[in-house]
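Report on the following structure.
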Amino acid sequence: AHAVLVELVHEVAELTAQAFLLAALLLAPLAVAGLLALAALTLLALLALLTLLALLALLALALLTLAALLLAALALALAQK
């Protein structure tokens, strides 16, 4: 009876280990997919940030150009006097 009980416990332990292994094999791709999705979202956020920075740089450039034109107009007006 004791040997049968030991054998039963051994079988249950083996089945449990196999179940855990199967669960791990099934869940691993999901975890990898989640990480990849997170990486993609991070990249998209960085790209959006870079685009925003580029737009800000263009705006700054436009403002500088406008300031230069205004200064040139002012200089011309002073020269006319």
Side-chain angles (χ1 to χ4, degrees):
H2 180 71
V4 173
L5 192 62
V6 168
E7 184 65 29
L8 185 65
V9 169
H10 184 253
E11 286 294 321
V12 169
E14 211 170 272
L15 279 171
T16 308
Q18 283 178 353
F20 273 119
L21 187 63
L22 187 63
L25 284 171
L26 288 172
L27 290 173
L30 288 175
V32 170
L35 282 172
L36 283 174
L38 196 63
L41 281 174
T42 308
L43 269 177
L44 280 174
L46 280 173
L47 280 173
L49 202 64
L50 282 173
T51 308
L52 191 63
L53 282 172
L55 285 172
L56 280 171
L58 278 173
L59 184 64
L61 200 62
L63 285 171
L64 280 171
T65 309
L66 190 62
L69 283 171
L70 282 170
L71 278 173
L74 189 65
L76 277 174
L78 284 172
Q80 299 272 323
K81 282 188 176 179

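Quantities reported herein were computed from a predicted structural model and do not represent experimental measurements. Just the heavy atoms: all of them, side chains too, but no hydrogens, waters or symmetry mates, feed the values below.
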Output side-chain donor-acceptor pairs under 3.5 Å for residues 35-53, partner residues at least two apart or in another chain, one line each.
| residue | atom | partner | partner atom | Å |
| --- | --- | --- | --- | --- |
| T42 | OG1 | L38 | O | 2.7 |
| T51 | OG1 | L47 | O | 2.8 |

Quiz item: What residues join L26 in its hydrophobic cluster, counting side-chain heavy atom gaps under 4.5 Å, either direct or through other members?
Solution: L22
Self-check item: Connected-component partners of L30 among ILVMFWY, side-chain separation under 4.5 Å
Solution: L27
Could you pull out all donor-acceptor pairs under 3.5 Å where a side-chain atom in residues 59-77 meets a protein atom, sequence neighbours excluded?
| residue | atom | partner | partner atom | Å |
| --- | --- | --- | --- | --- |
| T65 | OG1 | L61 | O | 2.7 |

Practice problem: Any chance you could measure L8, atom CG, to H10, atom NE2, to the nearest 0.5 Å? | Solution: 11.5 Å
Quiz item: In the hydrophobic cluster built from side-chain contacts under 4.5 Å, what are the other members alongside V6?
Solution: none
